[in-house]
Amino acid sequence: QVRLVESGGGLVQAGGSLRLSCAASGSMFSINAMGWYRQAPGKQRELVADITSVGRTNYADSVKGRFTISRDSAKNTVYLQMNSLKSEDTAVYYCKLDRGPYVPGYWGQGTQVTVSS
């Protein structure tokens with residue numbers, strides 16, 4: 001059973017930066033894709049960025065050029081570096097270990113990111 005623990009959220013001014021971390025337990029981390037999702041009040045959860053076991057990355061258009069996803073296999077940790085933050089980035093951010101389209105993945109507890117104008 002995989003357990004994901006997130007950290008790094010908080011309150012930041014527009015234009016500022018935050019780095020989110022997601023530490024994973026278990027042996028599946030190195031062979032599974034990982035992703036960051038976010039959910040704003042009244043909105044559906046959406047994919048922000050993901051990264052494969054070999055480091056290939058994908059980003060939502062809304063964050064491309066501002067956010068960077070990375071992983072450290074030695075530490076079983078995935079990161080989301082968020083720069084040039086905007087008020088519309090305000091949401092709860094969730095880490096996910098992806099197991100494919102037919103099997104539920106593992107989710108972290110979520111961490112709140114609030115961007116003030």
Side-chain angles (χ1 to χ4, degrees):
Q1 188 82 179
V2 172
R3 179 175 59 86
L4 306 176
V5 179
E6 301 166 351
S7 62
L11 175 64
V12 65
Q13 290 182 278
S17 299
L18 285 174
R19 188 182 72 164
L20 306 183
S21 299
C22 174
S25 65
S27 60
M28 292 190 293
F29 178 86
S30 63
I31 61 173
N32 285 95
M34 301 289 295
W36 285 98
Y37 294 72
R38 67 186 181 187
Q39 187 167 19
K43 303 291 183 63
Q44 293 188 356
R45 191 171 298 183
E46 64 176 351
L47 174 68
V48 176
D50 57 28
I51 184 168
T52 71
S53 61
V54 295
R56 182 171 295 178
T57 59
N58 177 63
Y59 298 91
D61 288 341
S62 60
V63 307
K64 195 171 299 181
R66 299 188 296 121
F67 292 9
T68 302
I69 188 171
S70 61
R71 65 193 298 162
D72 186 337
S73 296
K75 297 181 178 179
N76 287 347
T77 301
V78 63
Y79 304 94
L80 184 68
Q81 178 67 47
M82 305 185 293
N83 298 325
S84 301
L85 283 161
K86 306 174 181 179
S87 60
E88 52 262 45
D89 295 319
T90 295
V92 177
Y93 284 71
Y94 298 89
C95 177
K96 182 188 179 184
L97 188 152
D98 196 354
R99 301 177 68 201
Y102 307 113
V103 181
Y106 294 92
W107 291 91
Q109 79 284 359
T111 184
Q112 176 71 47
V113 172
T114 302
V115 184
S116 62
S117 302

Nearest-0.5 Å distance that lies between atom OG1 in Thr57 and atom CG in Asp50: 8.0 Å

Any chance you could lay out the side chain to side chain contact (heavy atoms under 4.5 Å, CB included) test for Val78 and Ile51, step after step, and finish with the verdict? CA-CA 9 Å; Val78 63; Ile51 184 168; 4.2 Å; yes

Can you pull out every ring-ring contact (aromatic ring centres under 6.0 Å, His included) where at least one residue sits in residues 42-80? Sequence neighbours excluded, please. none

Asp89: what forms a side-chain hydrogen bond (donor to acceptor under 3.5 Å, both in side chains) with it, not counting sequence neighbours? Arg38, Arg66

List in chain and number order the residues that pass ring pair (Phe, Tyr, Trp, His ring centres under 6.0 Å) with Tyr37, two or more places apart in sequence or in another chain; answer none if no residue qualifies. Trp107

Taking atom CE of Met34 and atom CG of Asn76, what is their separation to the nearest 0.5 Å? 9.0 Å

Does Gln44, at its CD atom, have more than 12 non-hydrogen atoms belonging to other residues, nucleotides or ligands within less than 6.0 Å? no

Just jot down the side-chain hydrogen bond (donor to acceptor under 3.5 Å, both in side chains) partners of Ser84, sequence neighbours excluded, or say none. none

Within one Ile-Leu-Val-Met-Phe-Trp-Tyr cluster: Leu20 and Val12, side-chain cutoff 4.5 Å: yes

Tell me, please, which residues at least two apart from Arg3 pass side-chain hydrogen bond (donor to acceptor under 3.5 Å, both in side chains). none

Val115 and Thr90 have their tightest heavy-atom pair at N-OG1, 2.9 Å

Any side-chain heavy atom of Leu85 within less than 4.5 Å of one from Leu18? yes

OG (Ser53) and CZ (Arg71) are apart, to the nearest 0.5 Å, by 6.5 Å

Under the rule for salt bridge (Lys or Arg N to Asp or Glu O under 4.0 Å), what residues qualify as partners of Lys43, not counting sequence neighbours? none

Residues which pass side-chain contact (heavy atoms from CB on, under 4.5 Å) with Ser7, listed by chain and number, not counting sequence neighbours: Ser21

Say whether, by atom type as modelled, one donor and one acceptor occur between the side chain of Thr52 and the main chain of Ala33 under 3.5 angstrom. no

Please enumerate all residues that pass side-chain hydrogen bond (donor to acceptor under 3.5 Å, both in side chains) together with Thr114, with sequence neighbours excluded. Gln112

Partner residues of Ser87 under the side-chain contact (heavy atoms from CB on, under 4.5 Å) criterion, sequence neighbours left out: Ser117

Residues Leu4 and Ala24: closest non-hydrogen pair is CD2-CB, 3.3 Å

Linking I/L/V/M/F/W/Y whenever any side-chain heavy atoms sit under 4.5 Å apart, do Tyr106 and Tyr94 land together? no

Listing request: all disulfide (SG to SG under 2.5 Å) pairs with a residue in residues 42-90, at least two apart in sequence or in separate chains. none

Which residue pairs satisfy the disulfide (SG to SG under 2.5 Å) criterion with at least one member in residues 44-91, sequence neighbours excluded? none

Applying side-chain contact (heavy atoms from CB on, under 4.5 Å), can you list everything that pairs with Gln109, at least two apart in sequence or on another chain? Glu6

Under a 3.5 Å distance rule, please check whether Arg99 uses its side chain to pair with a backbone N or O of Asn32 as donor and acceptor. no

Between the CG atom in Leu80 and the OG1 atom in Thr111, the distance rounded to the nearest 0.5 Å is 11.0 Å

From Thr77 OG1 over to Asp72 CG, what is the distance, rounded to the nearest 0.5 angstrom? 6.5 Å

